[in-house]
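Data first, discussion second: the structure below is written as structure tokens.
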Amino acid sequence: MRAWRAAWLFAAFLFPSPALHAVAGEAAYTGCVACHGAGGEGKRALHAPALAGQHAAYTARQLRNYRNGIRGSDPRDTYGVQMRGMAMSLPDDAAIDAVAAWLAGLPPPAGAGEIPGDPKNGNDIYQGKCGACHGLTAAGNPALDAPRLAGLDTGYLRRQFLAFREGRRGAHAEDRLGKQMVMMAKTIDPGQELDDVLAYIHAQSLPGAQAPR
């Protein structure tokens with residue numbers, strides 16, 4: 001770690017003003033830029049999801065889960081295994097919290113284009129099975145430890161859904177919230193139903209998206 005980064009981190013953790021905390025988060029994030037983008041927008045070609053605008057508590061919890069082997073320990077979870085190694089590069093909980101807070105303050109990415117699936121039918125399925133936790137417009141709900149889904153690449157969402165469904169994620173004994181998602185993933189057919197739900201979630205990140213009526 002460069003000396004100036006260490007100094008900023010040290011100052012931010014001793015004197016945790018919002019400005020210094022933000023600087024510390026951005027500095028600690030530099031190791032993530034290559035995959036997740038300078039603004040946390042994610043990179044589809046690298047299968048790296050967007051992190052910008054995600055609730056800080058969720059991001060921090062996932063980073064800790066990676067560090068503690070709760071996530072990314074299944075060898076079938078190729079990208080999770082990679083992320084576990086990257087999460088280990090963050091020196092401590094203070095750095096994790098700073099990164100998570102900085103990312104939460106960035107604007108979430110907007111969706112673009114269209115994807116296969118019927119968003120109208122997806123809305124019906126989503127509201128019945130996902131909306132109570134993840135919010136009507138997939139904006140997430142920190143009070144329920146539910147992450148934001150709108151703005152995430154649909155390929156990433158599909159991979160995570162299948163990882164839960166197939167036990168590559170959420171199988172660890174300490175992953176209580178993951179176990180809930182394992183059960184929920186098994187209530188949605190991974191074919192057309194999933195396509196429709198993903199189409200609905202994608203639509204929520206498009207400009208002018210409105211809450212369902």
Side-chain angles (χ1 to χ4, degrees), residues 18 21-22 25 36 39-42 48-66 68 70-71 80 83 87 93 96-111 115 117 119-165 169-172 174-188 193-213:
H21 199 65
H36 292 280
E41 69 277 11
L51 303 175
Q54 187 57 267
H55 304 299
Y58 175 78
T59 301
R61 185 170 67 252
Q62 294 309 306
L63 287 170
R64 289 188 176 92
N65 282 352
Y66 280 124
N68 297 331
I70 296 173
R71 183 176 176 186
M83 262 306 303
D93 283 347
I96 286 176
D97 290 339
V99 168
W102 180 73
L103 287 167
L106 299 177
I115 65 167
K120 186 173 185 296
N121 186 53
N123 171 49
D124 295 340
I125 300 170
Y126 176 89
Q127 301 307 337
K129 298 184 177 182
C130 315
C133 290
H134 292 281
L136 296 180
T137 59
N141 186 342
L144 297 177
D145 298 313
R148 179 184 186 90
L149 303 179
L152 290 174
D153 177 65
T154 53
Y156 172 78
L157 289 175
R158 185 184 301 277
R159 285 194 304 276
Q160 296 310 304
F161 173 88
L162 294 175
F164 280 122
R165 187 180 175 88
R169 182 176 173 187
H172 194 282
E174 297 180 33
D175 192 358
R176 176 181 59 84
L177 298 171
K179 289 180 182 300
Q180 294 177 10
M181 271 303 304
V182 169
M183 292 187 293
M184 290 306 300
K186 292 179 179 178
T187 69
I188 297 176
E193 283 192 349
L194 179 57
D195 285 346
D196 293 349
V197 169
L198 292 178
Y200 172 75
I201 293 173
H202 174 72
Q204 303 318 296
S205 65
L206 298 175
Q210 297 181 351
R213 296 181 182 274

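Since the structure is predicted, the reported quantities are computational estimates derived from the model, not experimental observations. Below, all heavy atoms of this structure are taken into account, side chains as well, without hydrogens, waters or symmetry copies.
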Using side chain to side chain contact (heavy atoms under 4.5 Å, CB included) as the criterion, list what pairs up with [X], not counting sequence neighbours.
X      : answer
Ala171 : none
Ala104 : Ala56
Leu157 : Leu149, Leu152, Leu198, Ile201

Within the side chain of [X], is there an N or O that forms a donor-acceptor pair under 3.5 Å with the backbone of [Y]?
X      : Y      : result
His172 : Glu174 : yes
Gln204 : His202 : no
His55  : Ala139 : yes
Asn141 : Ala143 : yes

Minimum heavy-atom separation for [X] to [Y], with atom names?
X      : Y      : value
Asp145 : Arg176 : OD2-NH2, 4.2 Å
Glu41  : Ala50  : O-CB, 3.4 Å
Asp97  : Ala60  : OD1-CB, 3.9 Å
Ala87  : Leu63  : CB-O, 3.8 Å
Ser205 : Ala150 : CB-C, 4.2 Å
Gly170 : Asp175 : CA-OD2, 3.5 Å

Listed partners of [X] passing salt bridge (charged side-chain N to carboxylate O under 4.0 Å, His left out), at least two apart:
X      : value
Arg158 : Asp195
Asp93  : Arg64
Arg165 : none
Asp153 : Arg44

Problem - Counterpart residues, ring-ring contact (aromatic ring centres under 6.0 Å, His included), relative to Tyr126 (two or more places apart) - result: Tyr200
Can you tell me how far the [atom1] atom of [X] sits from the [atom2] atom of [Y], to the nearest 0.5 Å?
X      : Y      : atom1 : atom2 : result
Lys120 : Ile125 : NZ    : CD1   : 11.5 Å
Leu177 : Cys133 : CG    : SG    : 9.5 Å
Met181 : Met183 : CE    : CE    : 10.5 Å
Leu51  : Gln54  : CG    : CD    : 8.0 Å
Met83  : Tyr66  : CE    : OH    : 5.0 Å

Handout entry: Pairs touching residues 124-141 that satisfy salt bridge (charged side-chain N to carboxylate O under 4.0 Å, His left out), sequence neighbours left out
Key = none
Problem - Pairs touching residues 133-156 that satisfy ring-ring contact (aromatic ring centres under 6.0 Å, His included), sequence neighbours left out - result: none
Practice task
Check side-chain hydrogen bond (donor to acceptor under 3.5 Å, both in side chains) between Gln62 and all other residues, then give those that pass, not counting sequence neighbours.
Solution key: Arg71, Arg169
Problem - Contacts of Asp196 that satisfy side-chain hydrogen bond (donor to acceptor under 3.5 Å, both in side chains) - sequence neighbours left out - result: Asn121, Gln192
